[in-house]
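Here's the structure, in structure tokens; my notes come after.
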Number of protein chains: 2
Amino acid sequence: MGKPSDAQEKLLQVAFDLIWNNSYGAVSVDQICERARVNKGSFYHFFPSKADLAVAAYEEHWREKQPELDRIFSPQVSPLERLERWCQYIYDRQKQKAEKYGHVCGCPYASIGVELATQDEKIRAKAEELVERNIRYVESALTEAQRQGLVSIDDPKVAAERVYAVALGMVLHAKVRNDLGPLRQLQPTIMDLIGAKAVAA
Amino acid sequence: MGKPSDAQEKLLQVAFDLIWNNSYGAVSVDQICERARVNKGSFYHFFPSKADLAVAAYEEHWREKQPELDRIFSPQVSPLERLERWCQYIYDRQKQKAEKYGHVCGCPYASIGVELATQDEKIRAKAEELVERNIRYVESALTEAQRQGLVSIDDPKVAAERVYAVALGMVLHAKVRNDLGPLRQLQPTIMDLIGAKAVAA
DNA sequence: ACCCGACTTGACTGGTCAGTCAAGTGGTTT
DNA sequence: AAACCACTTGACTGACCAGTCAAGTCGGGT
């Protein structure tokens with residue numbers, strides 16, 4: 001197969017990083033190619049357009065991060081502890097990015113979704129899909145927590161959307177303030193919201 | 001004064017609308033000028049750069065919308081009803097935009113803030129400022145509600161940030177899904193979150 | 001040994017971008 | 001009536017944009 005290389009994978013990773021740290025509109029195909037050390041022609045051999053690359057890059061990023069979410073939401077630990085771990089994961093991830101780049105980078109799915117929801121239907125749909133997949137994790141924990149009488153919620157599906165909205169909102173607020181402060185309220189707010197009867201250490 | 005006109009005001013309004021419906025990066029100075037029927041030279045007579053125009057446009061938009069927020073949060077009505085009205089206002093506004101343009105447009109301040117927080121400090125700071133001003137309204141209602149024993153919260157400042165995060169998150173979710181559905185949970189979620197003891201009609 | 005086709009190379013296109021500029025225009029001030 | 005200056009006009013610049021293309025290069029299948 002000619003000259004196989006890691007060009008495609010490199011493009012996906014570089015594109016995701018650049019778009020997350022900046023924005024879709026502010027990152028050019030030339031920039032992505034340069035950073036990935038790939039020629040323009042190769043780019044368009046793999047992807048029909050910049051938008052298609054973005055969709056593929058975000059799907060690939062999910063694929064890579066999914067095992068970590070599976071671990072966080074492992075049925076091995078109690079449902080409330082899963083949520084607690086998830087809050088910690090969000091904080092740690094934002095902190096790591098903020099220290100590395102000097103800016104709070106926010107939720108990658110939400111950022112590209114908000115930027116392009118009204119302009120590019122393919123990207124909007126992918127962002128929606130990724131957000132919904134995240135909500136499913138929260139929902140599973142809440143369903144189990146409800147069964148165990150650990151929380152006072154009605155519909156776990158609705159409660160999961162509420163909980164996820166808190167996370168989205170606080171991460172967004174942190175990005176706009178460029179300050180991780182608001183994220184310290186994430187766990188207590190969520191626990192209050194679902195009426196958690198006991199919070200693990 | 002030569003040929004005074006409404007050019008400046010027109011630019012501010014057109015810029016705000018275009019950026020809200022699309023995004024900062026997707027809207028060009030040429031587009032703004034064309035829609036506002038203003039020449040490029042006039043644009044740069046009033047504003048040193050596209051970013052400066054955006055900052056001015058968002059400040060101007062706040063100035064125009066502030067009386068409506070003052071009305072919603074009028075001390076004439078009970079604190080909980082103010083929050084209820086505010087939720088309704090958010091929903092109505094999003095619905096109106098969605099019907100007019102076929103897309104859920106989201107929160108204008110949050111959208112531009114998320115898009116440019118890591119790239120343009122002046123715009124990030126303005127978005128932060130506008131968000132904080134909104135939070136102050138919520139905080140004032142919560143402070144009064146607490147004094148009247150209508151809610152069970154600790155620090156009204158913290159509670160206001162929590163409440164606002166729910167709003168930000170749900171509006172964001174609605175934009176990414178291009179569906180107003182999530183917003184129907186806004187009021188009940190907020191009332192649950194602050195432990196509202198009574199909800200007005 | 002040969003060819004096929006996945007992949008690479010880098011120059012190229014036409015259009016658009018933010019921002020500049022020099023020459024006006026006309027109301028106001030003196 | 002003359003000078004001033006806020007504002008207008010529209011052509012212009014050079015950089016950059018997404019995307020194209022034709023000519024390769026080389027591993028694998030036959």
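Computed over heavy atoms, backbone and side chain alike; hydrogens, waters and symmetry mates excluded. Every chain is numbered from 1, with letters handed out A, B, ... down the list of sequences.
Atom-to-atom, CD of A:Glu34 to P of D:dC16 comes out at 11 Å; the value is rounded to the nearest Å. Residue B:Asp30 contributes atom CG, which lies 14 Å from atom P of D:dG10 at whole-angstrom precision. For the pair B:Ile123 CD1 and C:dA18 P, the computed distance is 12 Å after rounding to whole Å. Spacing between atom CD of B:Gln31 and atom P of C:dC17 amounts to 7 Å, rounded to whole angstrom units. Taking atom NZ of B:Lys40 as the reference point, atom P of C:dC21 lies 14 Å away to the nearest angstrom. Residue A:Asn39 contributes atom CG, which lies 14 Å from atom C1' of C:dC12 at whole-angstrom precision. In this structure, NZ of A:Lys10 is placed 15 Å from C1' of C:dT8, rounded to the nearest angstrom. One interatomic measurement links the two molecules: CD1 of A:Ile32 to P of D:dA18, which rounds to 8 Å at whole-angstrom precision.
A donor-acceptor pair is defined here as one N or O able to donate and one able to accept, closer than 3.5 Å; such a pair exists between the side chain of A:Thr118 and the backbone of B:Asn21.
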(Q) Using side-chain hydrogen bond (donor to acceptor under 3.5 Å, both in side chains), reason through B:Ser49 and B:Asp52 one step at a time and then give a plain yes or no. (A) CA-CA 5 Å; B:Ser49 73; B:Asp52 287 287; 2.6 Å; yes
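Heavy-atom distances under 4.0 Å link DNA chain C to B:Ser49, B:Lys50 of residues 49-61 of chain B, given in residue order.
Scanning all heavy atoms of the two residues, the minimum distance from B:Val77 to B:Arg82 falls at O-NE, 3.0 Å. Contact between B:Tyr24 and B:Lys50 at its shortest, heavy atoms only, is O-NZ, 3.0 Å.
Of the candidate nucleotides C:dC7, D:dA18, C:dA18, C:dC7 has the atom nearest to the side chain of A:Phe46.
Of the side-chain N and O atoms in A:Tyr44, none sit less than 4.0 angstrom from OP1 or OP2 of D:dT20.
The nearest heavy atom of DNA chain D to A:Gly41 and to A:Ala26 marks one nucleotide each, and the one closer to the 5' end goes with A:Ala26.
A:Ser42 comes within 4.0 angstrom of a nucleotide base, judged by non-hydrogen atoms across all strands.
For the side-chain contact (heavy atoms from CB on, under 4.5 Å) with B:Tyr58, the qualifying choice from B:Ile123, B:Leu12, B:Ile19 is B:Ile19, the only one to do so.
Between the CG atom in B:Asn22 and the OH atom in B:Tyr101 there is a gap of 9.5 Å [rounded to 0.5 Å].
For B:Glu59, the CD atom is densely surrounded, since the number of other residues' heavy atoms within 6.0 Å is greater than 12.
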